[in-house]
Q: 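Just passing along the structure, written as structure tokens.
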Amino acid sequence: MRTSQYLLSTLKETPAHAEVISHQLMLRAGLVRNVASGLYTWLPTGLRVLKKVENIVREEMEKAGAIETLMPMVQPADLWQESGRWEDYGPELCRLQDRHERPFVLGPTHEEVITALLRNEVSSYKQLPLNLFQIQTKFRDEIRPRFGVMRGREFLMKDAYSFHITDECLKETYQVMFDAYCRIFERLGLDFRPVVADNGSIGGEGSHEFHVLADSGEDDIVFSDTSDYAANIEKAEALAPAGERPTATQDLAEVATPNAKTIEEVAALLNVDAKQTVKTLLVLGHAEEGQQAPVIALVLRGDHQLNDIKAENLAQIASPLTFASDEQIKAAAGCEAGSIGPIGLSIDVIVDRSAAHLADFVCGANKDGYHYTGANWDRDFTNYTVADIRNVVEGDPSPCGQGNIVIKRGIEVGHIFQLGEKYASAMNLGVLTEAGKNQTLTMGCYGIGVSRIVAAAIEQNHDKYGIKWPKAIAPFQAAIVPMNMAKSARVKETAEKLYQDLKAAGIDVLFDDRKERPGVMFADHELIGTPTLLVIGERNLDEQMIEVKDRISGEKSLIAIDNVLDLFA
RNA sequence: CGGUGAUUAGCGCAGCUUGGUAGCGCACUUGGUUUGGGUCCAAGGGGUCGUAGGUUCAAAUCCUACAUCACCGACCA
């Protein structure tokens with residue numbers, strides 16, 4: 001490709017609204033342009049990267065035995081009604097009507113379509129297992145699109161769906177996909193970790209997320225400092241504190257805590273560590289038919305954070321997790337949110353393991369402006385259950401039993417699930433077994449955020465000059481940068497010949513034939529992140545040498561013109 | 001949806017407080033100059049000041065509504 005016939009579209013200045021580095025660099029390097037909130041056009045350079053990522057994913061999926069398909073992005077609503085997700089999915093599902101006023105959705109994922117397909121196409125156990133994938137545009141009407149293509153509303157995703165008669169067979173394919181994902185991210189050249197993940201509303205066991213480690217990531221990933229345990233914080237279990245609970249030494253006392261509503265304020269006022277306090281959150285439980293949802297109290301140590309997912313997974317608690325309104329709080333506790341405590345409550349109380357291990361703690365007195373000190377479980381309050389409902393924090397013992405917890409940020413780029421029979425049973429997908437009986441299929445699904453990977457790769461590979469692409473996904477493998485080509489016939493001739501030779505050898509090469517000064521060219525190529533710059537100038541031509549500059553290491557070296565192709569061997 | 005802020009040339013911004021001629025840098029065009037790290041000089045082109053309404057002799061500037069965009073909390077590849 002010649003720059004004179006190409007759309008380079010690099011920017012000197014950083015557009016004001018780009019927050020994270022990958023978004024800034026994607027705009028500056030001319031990879032994408034914003035069309036509307038969460039919607040992007042991929043410029044030629046960006047599309048080259050996207051295609052390279054896509055091809056690596058495709059190759060490894062095929063190697064792992066998956067078969068490529070392509071499903072429509074627009075899907076009829078009746079499939080979603082059949083699976084139950086027409087009601088369950090919420091406003092993130094973009095719904096629309098065609099000219100006949102028939103309802104459709106923009107596909108945020110394709111379980112319904114693939115399940116409906118398989119229902120018609122397979123009827124015998126002999127046809128299974130099957131693993132079908134596609135690389136397709138998805139649309140999710142995100143509440144808050146941000147960080148450029150990292151969280152766009154429209155994005156490119158590889159999604160695969162496997163179908164099995166037995167759970168053993170599903171687990172085998174799941175493992176095959178797990179291994180394939182590791183190979184994909186290795187080939188992409190990314191620093192990644194598979195982590196144990198929550199199954200979300202789907203339930204069942206067996207789900208891993210694949211995270212690219214980066215400070216700008218939106219997820220907290222929990223590691224053990226001594227074992228290879230890794231989990232999403234949503235999933236990481238907070239173990240009960242070791243040993244027996246200390247014995248009570250203080251008497252229960254009511255103290256005035258005017259204007260102290262937060263744990264920090266209460267702890268400062270009473271001059272105690274936040275670890276000696278508890279906070280009480282009121283959430284909604286499941287509503288009985290025709291009744292109002294009951295209010296349930298969750299009690300956590302003052303310095304701990306509620307883990308929504310863990311709470312939601314408890315049988316008593318409504319999903320999605322909903323906090324009680326001010327009126328509901330007043331009715332249940334008789335006070336405002338800043339003064340709630342377990343003592344005297346007549347609703348269900350669920351206490352976090354760590355909070356349950358406290359003695360002589362501080363809690364709200366269910367009376368505005370008052371707290372208790374010297375509170376003790378089983379003496380001052382007896383009717384409660386204990387559960388793990390908090391986020392782990394750094395330094396906690398690792399749930400794997402070895403070492404302590406370290407937390408890093410990650411960008412979720414892949415997620416694999418054992419779905420089980422959820423869709424197959426809702427949509428009546430089964431085949432005849434060897435014994436001639438109908439058997440509902442069990443399914444797995446496996447996603448990779450293709451467009452998100454492009455952003456994640458940049459988050460992990462950049463410097464002050466621009467992007468430093470891993471070789472496997474760089475838009476161009478090399479750029480030819482001639483010095484003052486307009487004045488030197490020799491430079492021009494050499495550059496042209498080199499360009500033809502590299503092209504003939506199948507190298508993705510960008511020939512910078514613009515009439516620009518060297519500094520302009522260098523700056524552009526460093527911004528775009530081309531791994532290898534081939535600099536041709538009068539300086540080295542007498543010796544038939546050209547300069548090679550490596551974008552990653554920054555090293556410059558001379559190489560004989562005849563040997564340039566060896567660089568790409 | 002809630003909270004915050006923004007919207008003036010392709011991009012980055014000033015002008016608004018105190019109403020009266022539409023500005024700067026980059027980019028772009030032309031000519032010259034320079035040529036191994038974002039040259040320099042000169043001349044140019046380009047703007048319904050987000051939209052609608054109001055106040056006023058007069059609105060980018062003051063007021064109201066709306067739209068869009070971004071950031072902070074709930075979603076997820």
Side-chain angles (χ1 to χ4, degrees), chain A residues 8-20 23-24 27-28 30 33-39 53 57 89-93 108-110 135-160 181 197-198 200-201 209-212 217-219 232 234 306 308-309 312 320-323 410-417 445-456 465-466 481-488 491 514-527 533 535-541 546-547 549 556:
Chain A
L8 215 47
S9 288
T10 53
L11 262 34
K12 258 191 194 175
E13 286 177 286
T14 303
H17 287 308
E19 190 75 5
V20 293
H23 190 199
Q24 293 173 2
L27 293 169
R28 286 227 293 137
R33 288 292 180 261
N34 183 250
V35 175
S37 181
L39 304 176
V53 174
V57 171
Y89 214 97
E92 206 176 310
L93 180 64
T109 173
H110 282 72
I135 296 172
Q136 234 273 22
T137 297
K138 304 283 191 246
F139 189 90
R140 293 183 190 171
D141 202 350
E142 293 282 347
I143 297 165
R144 190 147 99 77
R146 61 185 139 173
F147 302 158
V149 300
M150 194 101 90
R151 181 177 293 282
R153 291 194 291 176
E154 190 180 291
F155 58 99
L156 192 64
M157 178 172 164
K158 186 284 299 174
D159 49 329
Y181 272 41
D198 184 71
S201 51
E209 291 170 353
F210 288 76
H211 282 261
V212 166
E218 295 183 271
D219 287 284
N232 193 301
E234 292 172 349
L306 177 67
D308 295 13
I309 306 284
E312 224 166 78
L321 187 73
T322 313
F323 284 92
I411 300 166
E412 185 187 355
V413 289
H415 198 161
I416 58 177
F417 269 108
C445 82
Y446 318 94
I448 288 185
V450 176
S451 45
R452 180 180 281 183
I453 282 173
V454 177
Y465 301 109
V481 187
M483 295 295 104
N484 199 14
M485 189 167 71
K487 286 275 171 63
S488 168
V491 167
R514 292 176 296 176
K515 270 173 93 173
E516 285 291 355
R517 296 171 56 82
V520 174
M521 294 189 191
F522 285 128
D524 270 347
H525 295 296
E526 276 156 8
L527 177 60
L533 292 194
V535 184
I536 301 174
E538 279 291 334
R539 208 184 262 181
N540 302 309
L541 274 187
I546 63 168
E547 186 183 301
K549 184 165 179 188
K556 297 179 194 173

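Just so we're on the same page: letters track the sequence lines, and every chain starts at 1.
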Q: For Thr14(A), answer base if it contacts any base atom (sugar-phosphate contacts may also be present), sugar-phosphate if it contacts only those atoms, and nothing otherwise; contact means non-hydrogen atoms under 4.0 Å.
A: sugar-phosphate
Q: Which nucleotide, G12(B), A77(B), G36(B), lies nearest any side-chain atom of Pro518(A)?
A: G36(B)
Q: Please list, chain by chain and in numerical order, all residues satisfying side-chain hydrogen bond (donor to acceptor under 3.5 Å, both in side chains) with Glu538(A), sequence neighbours excluded.
A: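 Glu538(A) satisfies side-chain hydrogen bond (donor to acceptor under 3.5 Å, both in side chains) with Ser488(A), Arg490(A) once adjacent residues are dropped.
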Q: Of all residues at least two apart in sequence or in a different chain, which pass the side-chain hydrogen bond (donor to acceptor under 3.5 Å, both in side chains) check with Arg514(A)?
A: Asp512(A), Asp524(A)
Q: Do the side chain of Glu538(A) and the base of G36(B) come within less than 3.5 angstrom through a donor-acceptor pair of N or O atoms?
A: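 It does not, because no donor-acceptor pair links the side chain of Glu538(A) to the base of G36(B) below 3.5 Å.
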Q: Looking at G38(B), A74(B), A77(B), which one has an atom nearest to any side-chain atom of Asp308(A)?
A: A74(B)
Q: Of all residues at least two apart in sequence or in a different chain, which pass the side-chain hydrogen bond (donor to acceptor under 3.5 Å, both in side chains) check with Asn484(A)?
A: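 Per chain and number, Asn484(A) pairs via side-chain hydrogen bond (donor to acceptor under 3.5 Å, both in side chains) with no residue.
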Q: Which of the following nucleotides, G37(B), C75(B), G36(B), is nearest to the side chain of Glu526(A)?
A: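 Closest nucleotide among those given: G37(B).
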Q: Detail all sub-3.5 Å separations between protein N/O atoms and N/O atoms belonging to nucleotides 67-69 of chain B.
A:
from   : atom 1 : to       : atom 2 : distance (Å)
C69(B) : OP1    : Ser37(A) : N      : 3.0

Q: Using a 5.5 Å cut-off between ring centres and planes within 30 degrees, is Phe155(A) stacked on the base of A77(B)?
A: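 Yes, Phe155(A) stacks on the base of A77(B), since the ring centres sit under 5.5 Å apart and the planes are within 30°.
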Q: Is the closest basic N to carboxylate O distance between Glu154(A) and Arg140(A) below 4.0 Å?
A: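 Answer for the salt bridge query: no.
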Q: Checking all strands, does Lys487(A) fall into the base, sugar-phosphate, or nothing category for heavy-atom contacts under 4.0 angstrom?
A: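 Counting heavy atoms under 4.0 Å across all strands, the contact made by Lys487(A) includes a base.
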Q: Ala455(A) and Met150(A): which non-hydrogen atoms are nearest, and at how many Å?
A: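 Ala455(A) and Met150(A) have their closest heavy atoms at CB-SD, 3.9 Å.
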Q: Contact class for Val535(A) vs. all strands (heavy atom < 4.0 Å): base, sugar-phosphate, or nothing?
A: base
Q: Hey, is the side chain of Lys549(A) pairing donor to acceptor with the base of G37(B) inside 3.5 Å?
A: yes
Q: Could you tell me whether the side chain of Arg144(A) has a donor or acceptor atom within less than 3.5 Å of a complementary atom in the base of C75(B)?
A: no
Q: Are the side chains of Phe323(A) and Leu306(A) in touch, meaning some heavy atoms are under 4.5 Å apart?
A: yes
Q: Considering every strand and a 4.0 Å limit on heavy-atom distances, what is the contact class for Gly414(A): base, sugar-phosphate, or nothing?
A: sugar-phosphate
Q: Tell me every residue that passes salt bridge (charged side-chain N to carboxylate O under 4.0 Å, His left out) with Glu142(A), counting only those two or more places apart in sequence or in another chain.
A: Arg151(A)
Q: Determine which nucleotide pairs with C66(B), using a 3.5 Å limit on both distances of a Watson-Crick or G-U wobble pair.
A: G50(B)
Q: Ignoring hydrogens and angles, does a donor from either the side chain of Arg146(A) or the base of C71(B) sit under 3.5 Å from an acceptor on the other?
A: no
Q: Tell me which of Val413(A) and Arg28(A) sits closer to the 5' end of RNA chain B, going by the nucleotide each one is nearest to.
A: Arg28(A)
Q: Which pairs, protein N/O on one side and nucleotides 26-33 of chain B N/O on the other, fall under 3.5 Å?
A:
from   : atom 1 : to       : atom 2 : distance (Å)
A27(B) : OP1    : Lys12(A) : NZ     : 3.4

Q: For Ile143(A), answer base if it contacts any base atom (sugar-phosphate contacts may also be present), sugar-phosphate if it contacts only those atoms, and nothing otherwise; contact means non-hydrogen atoms under 4.0 Å.
A: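 Counting heavy atoms under 4.0 Å across all strands, the contact made by Ile143(A) includes a base.
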Q: So which nucleotide from G36(B), G38(B), A77(B) ends up closest to the side chain of Val520(A)?
A: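 In terms of side-chain proximity for Val520(A), the closest of G36(B), G38(B), A77(B) is G38(B).
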